K.L.:
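Pasting in a structure now, in C-alpha coordinates, and then I'll have a few things to ask.
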Amino acid sequence: MASQEIEALATALSRLPGLGPRSARRAVLWLIKRRETSLVALLDALGAVRESLVECATCGNVDTANPCGICADPRRDARALCVVEDVADLWALDRAKLFAGKYHVLGGRLSALEGVRPEDLTIGRLIERVSQGGIDEVVLAMNATLEGQTTAHYIAERLENYPVRITQLAHGLPVGGELDYLDEGTLAQALRARRPVG
Ligand SMILES: [Zn+2]
(Lines give C-alpha, C1' and ligand atoms only; values in the text may rest on other atoms or scores of the structure.)
Protein backbone atom coordinates (compact mmCIF):
# COMPACT_ATOMS: atom_id res chain seq x y z
CA MET A 1 0.00 0.00 0.00
CA ALA A 2 1.32 3.41 -0.97
CA SER A 3 0.94 6.47 1.22
CA GLN A 4 -1.79 9.03 0.67
CA GLU A 5 0.69 11.46 -0.92
CA ILE A 6 2.00 8.88 -3.37
CA GLU A 7 -1.56 7.82 -4.25
CA ALA A 8 -2.44 11.47 -4.89
CA LEU A 9 0.52 11.84 -7.24
CA ALA A 10 -0.41 8.65 -9.11
CA THR A 11 -4.01 9.87 -9.45
CA ALA A 12 -2.89 13.26 -10.76
CA LEU A 13 -0.57 11.63 -13.31
CA SER A 14 -3.22 9.13 -14.40
CA ARG A 15 -5.35 12.07 -15.61
CA LEU A 16 -2.73 13.03 -18.20
CA PRO A 17 -3.66 12.12 -21.78
CA GLY A 18 -2.24 8.77 -22.74
CA LEU A 19 -1.55 7.69 -19.15
CA GLY A 20 -3.80 5.22 -17.38
CA PRO A 21 -3.62 4.24 -13.69
CA ARG A 22 -1.07 1.49 -14.39
CA SER A 23 1.41 3.61 -16.32
CA ALA A 24 0.90 6.45 -13.80
CA ARG A 25 1.95 4.11 -10.99
CA ARG A 26 4.96 3.04 -13.02
CA ALA A 27 5.88 6.71 -13.57
CA VAL A 28 5.55 7.45 -9.85
CA LEU A 29 7.83 4.56 -8.95
CA TRP A 30 10.33 5.68 -11.58
CA LEU A 31 10.31 9.24 -10.17
CA ILE A 32 10.69 8.03 -6.57
CA LYS A 33 13.72 5.99 -7.52
CA ARG A 34 15.29 9.06 -9.14
CA ARG A 35 14.07 11.72 -6.75
CA GLU A 36 17.35 13.63 -6.66
CA THR A 37 17.60 13.92 -10.43
CA SER A 38 14.40 13.39 -12.41
CA LEU A 39 11.90 14.30 -9.71
CA VAL A 40 13.64 17.58 -8.90
CA ALA A 41 14.02 18.41 -12.61
CA LEU A 42 10.31 17.73 -13.20
CA LEU A 43 9.32 19.89 -10.22
CA ASP A 44 11.50 22.75 -11.41
CA ALA A 45 10.12 22.54 -14.95
CA LEU A 46 6.50 22.43 -13.72
CA GLY A 47 7.13 25.32 -11.35
CA ALA A 48 8.73 27.45 -14.06
CA VAL A 49 5.83 26.86 -16.45
CA ARG A 50 3.29 27.58 -13.74
CA GLU A 51 5.01 30.86 -12.93
CA SER A 52 5.27 32.17 -16.47
CA LEU A 53 2.40 30.64 -18.45
CA VAL A 54 0.32 33.20 -20.33
CA GLU A 55 -2.17 33.28 -23.17
CA CYS A 56 -1.04 35.45 -26.07
CA ALA A 57 -3.45 38.40 -26.27
CA THR A 58 -2.92 38.59 -30.02
CA CYS A 59 -3.32 35.02 -31.27
CA GLY A 60 -4.47 32.94 -28.29
CA ASN A 61 -1.40 30.70 -28.24
CA VAL A 62 -0.18 29.50 -24.87
CA ASP A 63 3.41 30.47 -24.18
CA THR A 64 5.63 31.92 -21.49
CA ALA A 65 5.57 35.39 -23.07
CA ASN A 66 2.85 37.76 -24.29
CA PRO A 67 2.99 38.37 -27.24
CA CYS A 68 3.99 34.76 -27.85
CA GLY A 69 7.19 33.66 -29.60
CA ILE A 70 5.37 33.27 -32.93
CA CYS A 71 3.68 36.70 -32.84
CA ALA A 72 6.93 38.36 -31.80
CA ASP A 73 9.02 36.65 -34.49
CA PRO A 74 9.83 39.25 -37.21
CA ARG A 75 10.89 36.51 -39.66
CA ARG A 76 7.32 35.28 -39.85
CA ASP A 77 5.07 36.55 -42.63
CA ALA A 78 2.48 38.77 -40.95
CA ARG A 79 0.46 38.91 -44.19
CA ALA A 80 -0.61 35.27 -43.88
CA LEU A 81 -2.84 34.23 -41.00
CA CYS A 82 -3.71 30.62 -40.24
CA VAL A 83 -6.88 30.11 -38.19
CA VAL A 84 -7.05 26.95 -36.04
CA GLU A 85 -9.52 25.56 -33.53
CA ASP A 86 -7.17 24.85 -30.64
CA VAL A 87 -3.66 25.49 -29.37
CA ALA A 88 -2.88 21.80 -30.03
CA ASP A 89 -3.61 22.37 -33.74
CA LEU A 90 -1.30 25.41 -33.80
CA TRP A 91 1.48 23.37 -32.22
CA ALA A 92 0.93 20.46 -34.63
CA LEU A 93 1.05 22.72 -37.69
CA ASP A 94 4.02 24.62 -36.36
CA ARG A 95 5.96 21.45 -35.55
CA ALA A 96 5.52 20.44 -39.18
CA LYS A 97 7.17 23.77 -40.19
CA LEU A 98 4.94 24.05 -43.24
CA PHE A 99 3.44 27.46 -42.51
CA ALA A 100 5.62 30.55 -42.13
CA GLY A 101 2.88 33.02 -41.27
CA LYS A 102 1.08 33.84 -38.04
CA TYR A 103 -1.80 32.13 -36.29
CA HIS A 104 -5.16 32.74 -34.69
CA VAL A 105 -6.60 30.30 -32.15
CA LEU A 106 -10.41 30.22 -32.01
CA GLY A 107 -10.63 28.34 -28.74
CA GLY A 108 -12.96 25.66 -30.13
CA ARG A 109 -15.50 25.30 -32.94
CA LEU A 110 -19.13 26.24 -33.40
CA SER A 111 -21.44 23.55 -32.12
CA ALA A 112 -25.21 23.67 -31.93
CA LEU A 113 -25.14 20.46 -29.92
CA GLU A 114 -22.78 21.78 -27.26
CA GLY A 115 -24.17 25.31 -27.40
CA VAL A 116 -20.95 26.93 -28.66
CA ARG A 117 -21.85 30.24 -30.34
CA PRO A 118 -19.65 32.64 -32.36
CA GLU A 119 -19.28 34.93 -29.32
CA ASP A 120 -17.87 32.00 -27.32
CA LEU A 121 -14.92 31.84 -29.73
CA THR A 122 -12.34 34.50 -30.62
CA ILE A 123 -14.02 35.20 -33.98
CA GLY A 124 -14.60 38.85 -33.04
CA ARG A 125 -10.90 39.30 -32.33
CA LEU A 126 -10.08 37.61 -35.67
CA ILE A 127 -12.30 40.04 -37.59
CA GLU A 128 -10.61 42.88 -35.71
CA ARG A 129 -7.14 41.64 -36.70
CA VAL A 130 -8.17 41.38 -40.35
CA SER A 131 -9.90 44.78 -40.35
CA GLN A 132 -6.72 46.42 -39.11
CA GLY A 133 -5.19 45.57 -42.49
CA GLY A 134 -1.82 44.16 -43.48
CA ILE A 135 -3.18 40.65 -43.95
CA ASP A 136 -3.44 39.24 -47.49
CA GLU A 137 -4.46 35.66 -46.84
CA VAL A 138 -6.48 33.88 -44.18
CA VAL A 139 -6.03 30.11 -44.14
CA LEU A 140 -8.94 28.31 -42.50
CA ALA A 141 -7.33 25.22 -40.97
CA MET A 142 -10.34 23.75 -39.22
CA ASN A 143 -10.67 20.05 -38.60
CA ALA A 144 -12.38 17.99 -41.30
CA THR A 145 -15.41 17.46 -39.08
CA LEU A 146 -18.93 18.74 -39.68
CA GLU A 147 -18.52 21.30 -36.88
CA GLY A 148 -15.08 22.33 -38.09
CA GLN A 149 -16.39 22.91 -41.59
CA THR A 150 -19.44 24.81 -40.30
CA THR A 151 -17.06 27.07 -38.40
CA ALA A 152 -14.92 27.60 -41.51
CA HIS A 153 -17.99 28.55 -43.57
CA TYR A 154 -19.17 30.95 -40.90
CA ILE A 155 -15.78 32.70 -40.72
CA ALA A 156 -15.50 32.84 -44.52
CA GLU A 157 -18.86 34.64 -44.60
CA ARG A 158 -17.87 37.09 -41.89
CA LEU A 159 -14.66 37.92 -43.83
CA GLU A 160 -16.41 38.21 -47.18
CA ASN A 161 -16.20 41.98 -47.42
CA TYR A 162 -12.57 42.33 -46.45
CA PRO A 163 -9.83 42.46 -49.11
CA VAL A 164 -8.26 39.13 -48.10
CA ARG A 165 -7.84 35.84 -49.91
CA ILE A 166 -9.56 33.09 -47.94
CA THR A 167 -8.20 29.59 -48.41
CA GLN A 168 -8.88 26.27 -46.79
CA LEU A 169 -6.87 23.14 -46.14
CA ALA A 170 -7.45 20.55 -48.81
CA HIS A 171 -8.85 17.45 -47.21
CA GLY A 172 -7.89 14.52 -49.33
CA LEU A 173 -6.16 11.21 -49.29
CA PRO A 174 -3.75 10.80 -46.41
CA VAL A 175 -0.21 9.89 -47.42
CA GLY A 176 -0.04 6.11 -47.73
CA GLY A 177 -3.82 5.88 -47.47
CA GLU A 178 -5.46 3.03 -49.30
CA LEU A 179 -8.84 3.79 -50.78
CA ASP A 180 -10.25 0.69 -49.20
CA TYR A 181 -9.62 1.93 -45.70
CA LEU A 182 -10.89 5.48 -46.09
CA ASP A 183 -14.22 6.61 -44.75
CA GLU A 184 -16.74 7.93 -47.25
CA GLY A 185 -16.28 11.56 -46.22
CA THR A 186 -12.55 11.52 -46.95
CA LEU A 187 -13.12 9.74 -50.24
CA ALA A 188 -15.80 12.24 -51.28
CA GLN A 189 -13.50 15.16 -50.41
CA ALA A 190 -10.66 13.60 -52.36
CA LEU A 191 -12.89 13.10 -55.37
CA ARG A 192 -14.26 16.64 -55.25
CA ALA A 193 -10.75 18.11 -54.96
CA ARG A 194 -9.50 16.08 -57.94
CA ARG A 195 -7.16 17.80 -60.38
CA PRO A 196 -5.78 17.14 -63.85
CA VAL A 197 -2.91 14.66 -64.09
CA GLY A 198 0.55 15.97 -65.02
ZN1 LIG B 1 0.67 35.01 -30.34
Side-chain angles (χ1 to χ4, degrees), residues 12 15-19 41-172 174-175:
R15 294 201 188 101
L16 295 176
L19 278 192
L42 181 63
L43 275 178
D44 288 348
L46 285 174
V49 167
R50 184 192 183 175
E51 288 293 302
S52 55
L53 208 61
V54 280
E55 189 186 295
C56 176
T58 307
C59 74
N61 188 16
V62 174
D63 202 350
T64 53
N66 177 24
C68 72
I70 292 174
C71 284
D73 188 346
R75 290 165 302 179
R76 284 187 170 261
D77 185 3
R79 288 167 306 173
L81 193 63
C82 180
V83 184
V84 293
E85 292 179 24
D86 289 304
V87 174
D89 302 329
L90 187 164
W91 289 3
L93 277 168
D94 213 53
R95 257 200 317 276
K97 294 191 191 310
L98 295 171
F99 182 71
K102 308 231 171 172
Y103 291 92
H104 189 90
V105 180
L106 292 174
R109 66 263 175 286
L110 296 176
S111 168
L113 210 64
E114 290 161 33
V116 181
R117 300 154 304 166
E119 54 268 40
D120 298 319
L121 307 175
T122 62
I123 293 175
R125 214 198 297 167
L126 170 66
I127 308 291
E128 208 180 297
R129 284 180 83 178
V130 172
S131 70
Q132 283 165 356
I135 294 171
D136 295 337
E137 180 183 5
V138 175
V139 184
L140 299 174
M142 269 80 258
N143 289 318
T145 59
L146 187 61
E147 290 172 335
Q149 294 312 299
T150 304
T151 309
H153 278 129
Y154 177 82
I155 293 174
E157 262 181 39
R158 292 278 305 265
L159 291 175
E160 217 170 43
N161 296 321
Y162 292 94
V164 286
R165 195 153 52 93
I166 301 167
T167 57
Q168 200 171 4
L169 287 190
H171 299 292
V175 176

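Note that these values count all heavy atoms, side chains included, but never hydrogens, waters or copies made by symmetry. Note that this is a predicted model, so its numbers are computed, not measured. Read the numbers this way: they start at 1 and go in the same order the structure lists the ligands and their atoms.
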K.L.:
Counting only N and O atoms by type, is there a donor-acceptor contact under 3.5 Å from the side chain of Asp63 to the main-chain atoms of Gly69?
P.N.:
yes
K.L.:
Do Asn66 and Glu55 come close enough that some side-chain heavy atom pair is under 4.5 Å?
P.N.:
no
K.L.:
Identify the two heavy atoms, one from Asp86 and one from Gly108, that lie closest to each other, and give their separation to 0.1 Å.
P.N.:
OD1-N, 3.7 Å
K.L.:
Looking only at non-hydrogen atoms, find the nearest pair between Glu85 and Asn143 and report the distance.
P.N.:
OE2-N, 2.9 Å
K.L.:
Is it true that a side-chain atom of Ser111 and a backbone atom of Val116 form a donor plus acceptor pair closer than 3.5 Å?
P.N.:
no
K.L.:
Are there any protein N/O/S atoms under 2.8 Å from the Zn ion (ligand 1), and if so, which?
P.N.:
Cys56 SG, Cys59 SG, Cys68 SG, Cys71 SG
K.L.:
Would you call Asp94 and Arg76 a salt bridge, using N to O less than 4.0 angstrom?
P.N.:
yes
